[in-house]
Each structure stands twice: as structure tokens, then as C-alpha cells.
Protein chains: 2
Amino acid sequence: MNATRPQTRRERLDAKETAVISAARALFLEKGEAGTRVAEIAKRACVAEGTLYLYFKNKRAILQAVVADHWEQLTVGAREAVEGQTETFDKLEALTTFHLRAVIADWSLLMLGTRLWATGAEAEEQMERDYRRNYVAIFDDLFRRGQDRGDVAADASLWQVRDLFYGTLEYTARTMMLHPERTDYDGVTEFVVAQVKSACLSGGQMPLYKEESGSRDLRSITGRLEAALKDLKSLDV
Amino acid sequence: MNATRPQTRRERLDAKETAVISAARALFLEKGEAGTRVAEIAKRACVAEGTLYLYFKNKRAILQAVVADHWEQLTVGAREAVEGQTETFDKLEALTTFHLRAVIADWSLLMLGTRLWATGAEAEEQMERDYRRNYVAIFDDLFRRGQDRGDVAADASLWQVRDLFYGTLEYTARTMMLHPERTDYDGVTEFVVAQVKSACLSGGQMPLYKEESGSRDLRSITGRLEAALKDLKSLDV
DNA sequence: ACTTATTATGAGTTTTACTCATTATGACAA
DNA sequence: TTGTCATAATGAGTAAAACTCATAATAAGT
């Protein structure tokens with residue numbers, strides 16, 4: 001609350017840590033990890049080089065923090081996007097749009113994360129995997145709820161569909177990065193959602209169902225409408 | 001033809017270069033790029049450290065050579081796999097099987113290639129992209145011939161289907177790496193081929209839905225109704 | 001056998017991540 | 001306010017490793 005230095009001790013330390021992460025992110029994005037000097041990061045964050053090492057074990061740990069920070073933001077964003085919808089496939093569409101845009105917007109940052117792969121240090125790679133798993137858990141949740149509701153076939157394979165979803169989107173995003181003229185969010189979203197839907201309809205095998213799925217959708221929706229109506233009547237208004 | 005030292009000068013130089021690449025590949029795979037000393041590579045390849053720098057500009061160039069070598073082998077293998085078949089979708093299946101197995105077998109080597117991303121050096125990244133493009137040209141060729149033969153819809157989008165194909169396969173391979181119990185080459189091949197087929201049948205739009213848009217509308221309306229109901233309930237009446 | 005261009009060498013240089021002895025800061029008590 | 005102490009900050013110094021270069025060996029051509 002003080003105008004001058006409002007912070008508690010903890011806050012001051014956190015602010016400094018954040019400053020280092022921000023400085024590092026900017027520099028890593030501009031010049032890559034190898035091209036960035038630790039001394040530069042320190043200078044930009046307005047701390048002495050030695051101080052920086054009180055906050056992070058080494059340069060690699062700074063990169064890890066940058067990447068972790070990014071995954072956390074991504075996860076929050078994806079969760080928000082999905083929570084804005086109620087229907088399984090509306091959620092899917094929202095997640096698709098969010099993921100595609102986020103991946104493209106932060107492409108360099110995501111690529112920076114690949115710096116933690118194939119380092120020969122298992123613990124580091126595990127960290128990246130854990131954040132990723134936490135992120136895709138949103139899809140998993142969506143998928144499982146879809147199964148509960150009958151929107152997704154009970155025998156559909158979660159991991160196969162998940163790989164289809166994120167794999168296609170990542171490659172698509174890369175293409176869009178390299179060929180801006182191919183950037184068509186709506187078209188791609190429609191394509192990906194349609195593919196995922198078709199994979200959701202039946203597990204291992206491809207469907208080739210015709211209007212069966214349509215009428216199933218209709219039946220399930222009608223059931224819900226009826227339930228909602230009943231519910232509504234039961235309220236004493 | 002000489003039993004002792006048969007080589008011409010050029011052959012001798014090539015052999016030395018190859019020795020360096022092999023040594024580097026082994027060490028990089030074992031300890032990662034950062035964990036490998038250039039001196040180690042030189043020792044293992046039986047050349048002096050200074051000599052090594054006559055063949056490669058720097059450590060990064062050695063890594064590039066290792067990666068380039070790998071992409072070339074992959075491309076040869078994929079081409080052979082596809083040439084063994086005559087029908088469009090038999091070729092596709094052969095390519096799927098080959099790619100999946102190759103990616104899994106050489107996963108660490110592929111991950112090593114990611115070391116060339118996000119380095120802040122555009123030229124390096126371009127090299128990786130060029131090799132990749134050369135590799136996926138096999139798919140592109142397959143796709144276009146399929147269109148000529150009428151197996152693939154004329155309005156199907158090459159790059160979207162290509163991203164679907166390679167994206168799904170890469171993510172699937174990663175899953176299989178991390179979860180060996182999910183390794184089911186045939187099942188995955190079937191799944192991926194089916195997805196690609198369905199995407200090949202018609203371009204931007206997914207083919208299979210007829211009344212889909214109708215039920216989508218219904219679903220979205222139902223969702224809004226349900227949300228309104230929930231809202232209504234939350235008012236203490 | 002001599003000359004010359006090519007190839008090889010490893011000790012030395014430079015760069016840079018990281019350490020540590022020293023100093024500054026701020027919270028709390030007297 | 002002043003003194004004490006734990007916590008935090010500093011940057012000159014160290015060590016490790018990529019890379020250079022003056023010198024030497026090798027081999028091709030005459």
C-alpha cells in the first residue's frame with residue numbers, strides 16, 4: 001500500500017524472478033538460447049549476474065522457467081475457451097480454434113521448448129512432458145465427458161484421437177507459419193473438427209456411417225430437451 | 001584394388017568425414033549435443049581436434065551433417081517402400097507403415113534434429129526444412145498421382161491432408177515411445193490410413209455429414225436452453 | 001630426390017557459464 | 001534511533017570448452 005515500495009519481501013523476490021524470466025524470454029526469442037549471454041539476461045532484468053544465479057541454478061533452468069510459464073498460460077487459456085461452451089463438439093471447436101491460434105501466435109516460444117528435448121537429461125525432458133500432459137488433459141476431459149454423454153463412441157481410442165487432434169493441428173500451424181497465404185483458421189478448424197468427429201464415432205475402425213450418426217445426435221438432443229423441459233416445469237414459478 | 005590402402009585422395013577424405021559423422025552421431029545420441037565434447041568426437045573418429053575443424057566449420061555443422069545424413073536415409077527408405085506398391089492406397093499404407101516404424105526406430109535421432117530449431121539462425125532452420133520437404137515430397141507425389149487416377153478428390157487439399165498424415169503419425173509415434181504397451185503398428189496404420197482416406201474423399205468439407213449442420217444448430221440451441229435453465233435455477237425463488 | 005600443395009596437429013586463445021568472498025540491505029529488538 | 005543478524009546482491013575471478021593458427025607431416029607431380 002505504500003506508494004514508494006509497496007512490496008513485502010516475498011513480493012520483491014517474485015518480481016525479480018519474473019523480471020529475469022521476461023528478459024530471458026525476449027532474448028531467447030530474438031537470438032535463440034545459444035545466442036543469448038547470461039550476462040545479457042541479467043543486465044536486461046537489472047540484476048547482477050551473480051544474483052541471477054541465486055534465482056536459477058543455471059542457464060538451462062532459466063529456459064525451463066520460460067517454457068513452464070508459457071505452458072501454464074496456454075493451459076489457462078485453453079481451459080477458459082472450453083468452459084465457454086457446453087456441448088461436446090462446441091467445446092472441441094473452441095479448443096481447436098484456441099489451440100491453433102495460440103500455437104501460431106507463440107510458435108517461436110513453443111519451438112524454444114524443443115530445446116529441452118534430446119538433451120540427454122531425463123529429468124528436464126520429463127518436465128516438458130508433464131506440462132504438455134497437463135495441457136492435453138483438457139482434451140482428455142472433453143473426450144471422456146463426450147463418451148459419458150454418448151457424443152463419443154465408448155470404444156473410441158482416446159490417445160489415437162488425441163494424437164490425431166494435436167498432431168494435425170501442430171503440423172497445420174507449422175504450415176501456416178511457413179505459408180501465410182494458407183492461413184485460413186475457419187477452414188482448418190472445420191477440417192480438423194470433422195476429422196476428429198469421424199474418429200470419435202467409432203473406435204479403431206473408420207465409420208462410413210451414413211445418417212445413423214445424425215439421427216443419434218438428434219435422439220440425444222431431443223432427450224436433453226425433454227429433460228430440460230421437465231426440469232423447467234418442476235420449478236414453481 | 002590395393003589390399004593395403006586402396007583409396008584415392010578423395011575417398012580418404014570422404015572416409016574421414018564419414019568417420020566424424022558416425023562418431024558424432026553415436027555421442028550425440030548418448031549424451032546429447034551439449035553433453036558431447038568436440039574433443040571426444042575427434043578422438044572417437046581418430047582425428048586431431050584441429051583436423052575436425054577442416055571438415056566442419058563448427059560443432060553445429062557436425063550436428064547438421066548428422067541430421068542431413070539421417071533425412072537422406074529416411075527418404076531413400078520411404079521411396080523404396082512406396083515403389084513396392086502400385087495402387088494409391090496400397091502405397092499410402094506402405095508409406096504409413098514405413099514412416100511409423102522409422103520414426104519410432106530413430107526417434108532420438110529425429111529429436112536431435114529439433115536442436116536445429118529456434119536457434120536464431122535462419123539458414124540452419126532452412127536446411128532442416130528443405131530436407132523435410134524433400135522427404136514429404138514422396139507423399140505429395142502419391143497424393144497427386146492419386147488425384148490423376150481419380151482415387152483422390154480433385155478438390156482435396158494436399159497440404160491439409162499431408163499435415164493430417166504426418167502430424168498424426170508423429171504424435172502417435174511419440175505416444176508409442178512413451179507408452180510401449182500402446183504399440184500396435186497395424187491398428188495405428190489402419191486408423192491413420194482410414195482418416196487420410198476420408199480426408200481424401202472431399203476437400204475442405206468433411207464428406208460424411210448430411211444433417212450434421214441441422215443437428216449442430218439444435219445442439220447449440222439446446223445448450224443455450226440448458227444454460228438458461230441453470231441460470232434460472234440459480235436465482236433463489 | 002626435390003618442390004610444392006594439401007592435409008594434419010595440438011598447444012594456445014577466447015569466450016562464456018558459473019562461483020564465491022565480500023558488501024549491502026532491511027527486519028526486528030533494545 | 002541504533003545495533004545485530006539473517007538474507008540478498010555484487011562483480012571480479014575461475015574453469016571449461018569451442019575454436020584458431022603456426023608448424024609439421026604427407027603425398028602428388030616432376
Side-chain angles (χ1 to χ4, degrees), chain A residues 1-21 23-25 27-28 30-66 112 115-116 119-121 124, chain B residues 1-21 23-25 27-28 30-66 112 115-116 119-121 124:
Chain A
M1 292 292 176
N2 322 14
T4 47
R5 289 279 146 160
Q7 303 135 323
T8 166
R9 179 195 310 210
R10 175 63 192 272
E11 281 170 343
R12 248 179 292 134
L13 295 183
D14 279 356
K16 212 159 270 191
E17 187 175 301
T18 304
V20 172
I21 291 176
R25 178 175 41 235
L27 288 165
F28 284 158
E30 187 187 343
K31 315 160 128 189
E33 187 198 1
T36 300
R37 304 285 86 86
V38 172
E40 282 181 291
I41 300 175
K43 193 174 176 192
R44 181 153 185 161
C46 299
V47 295
E49 202 173 342
T51 309
L52 195 152
Y53 282 96
L54 296 175
Y55 290 81
F56 298 95
K57 193 167 109 271
N58 51 31
K59 191 180 180 183
R60 178 50 53 105
I62 303 174
L63 176 61
Q64 284 189 328
V66 170
L112 211 50
R115 237 98 286 294
L116 298 173
T119 54
E124 271 176 22
Chain B
M1 292 287 174
N2 322 16
T4 47
R5 289 279 146 161
Q7 303 135 324
T8 164
R9 180 196 309 209
R10 175 63 191 270
E11 281 170 343
R12 248 181 292 135
L13 295 183
D14 279 356
K16 211 159 271 191
E17 187 175 300
T18 303
V20 172
I21 292 175
R25 179 175 40 236
L27 288 165
F28 285 158
E30 186 187 343
K31 314 160 129 189
E33 187 197 1
T36 299
R37 305 283 85 87
V38 172
E40 283 181 291
I41 300 174
K43 193 174 177 191
R44 182 153 183 160
C46 299
V47 294
E49 201 173 343
T51 308
L52 194 153
Y53 282 96
L54 295 176
Y55 290 82
F56 299 94
K57 193 167 110 269
N58 51 31
K59 191 181 180 182
R60 177 51 54 107
I62 304 174
L63 177 60
Q64 284 189 328
V66 170
L112 211 51
R115 235 99 285 292
L116 299 172
T119 54
E124 272 176 21

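Chain naming here is simple, since letters A, B, ... match the order of the sequence lines and numbering starts at 1 in each.
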**OP:** Answer with base, sugar-phosphate or nothing: what part of the nucleic acid does A:F56 contact at a heavy-atom distance below 4.0 Å?
**Re:** nothing
Subject >> Spacing between A:I41 atom CD1 and C:dT16 atom P, to the nearest angstrom >> reply: 13 Å
Original post:
Among B:V38, B:L63, B:I41, B:I62, whose side-chain contact (heavy atoms from CB on, under 4.5 Å) with B:F56 holds?
Top reply: B:I62
**OP:** For a salt bridge (charged side-chain N to carboxylate O under 4.0 Å, His left out) with A:E33, tell me which candidate from A:R60, A:K59, A:R25 qualifies.
**Re:** A:R60
Original post:
Atom CG of B:L54 to atom P of D:dT20: distance rounded to whole Å?
Top reply: 11 Å
Original post:
Quick one: B:R60 CZ to C:dT15 P, roughly how many Å, whole number?
Top reply: 19 Å
Original post:
From the list D:dA28, D:dA8, C:dA8, which nucleotide is the closest neighbour of the side chain of A:L13?
Top reply: D:dA8
Original post:
Which of the following nucleotides, C:dA17, C:dA8, D:dC19, is nearest to the side chain of B:K16?
Top reply: C:dA8
Original post:
In whole angstroms, how far is the C1' atom of C:dC20 from the CG atom of A:L52?
Top reply: 16 Å
Original post:
If you find the nucleotide of DNA chain C closest to A:T51 and the one closest to A:V38, which residue's nucleotide is nearer the 5' end?
Top reply: A:V38
Original post:
Between A:V20 and A:Y55, is any pair of side-chain heavy atoms under 4.5 Å apart?
Top reply: no
Subject >> Spacing between B:R37 atom CZ and D:dA16 atom P, to the nearest angstrom >> reply: 11 Å
Original post:
Which one, D:dA9, D:dT10, C:dG10, comes nearest to the side chain of A:A48?
Top reply: D:dT10
Original post:
What is the distance from OH of A:Y53 to C1' of C:dT22, rounded to the nearest Å?
Top reply: 20 Å
**OP:** Return the 5'-most residue of the pair B:E49, A:C46 with respect to DNA chain D, ranking by each residue's nearest nucleotide.
**Re:** A:C46
Subject >> Separation of C:dT15 C1' from B:K59 NZ (nearest whole Å) >> reply: 14 Å
**OP:** Can you figure out which of D:dA8, D:dC19, C:dT7 approaches the side chain of A:R9 most closely?
**Re:** D:dA8
Original post:
Once you round it to whole Å, what is the distance between P of D:dT7 and CZ of A:R12?
Top reply: 14 Å
Subject >> Separation between NZ of B:K16 and CD1 of B:I21, rounded to the nearest 0.5 Å >> reply: 14.5 Å
Original post:
Nearest nucleotide by nearest heavy atom, which residue falls closer to the 5' end of DNA chain D, A:V47 or B:A39?
Top reply: A:V47
Original post:
Can you tell me how far the CD atom of A:E40 sits from the CG atom of A:L27, to the nearest 0.5 Å?
Top reply: 5.5 Å
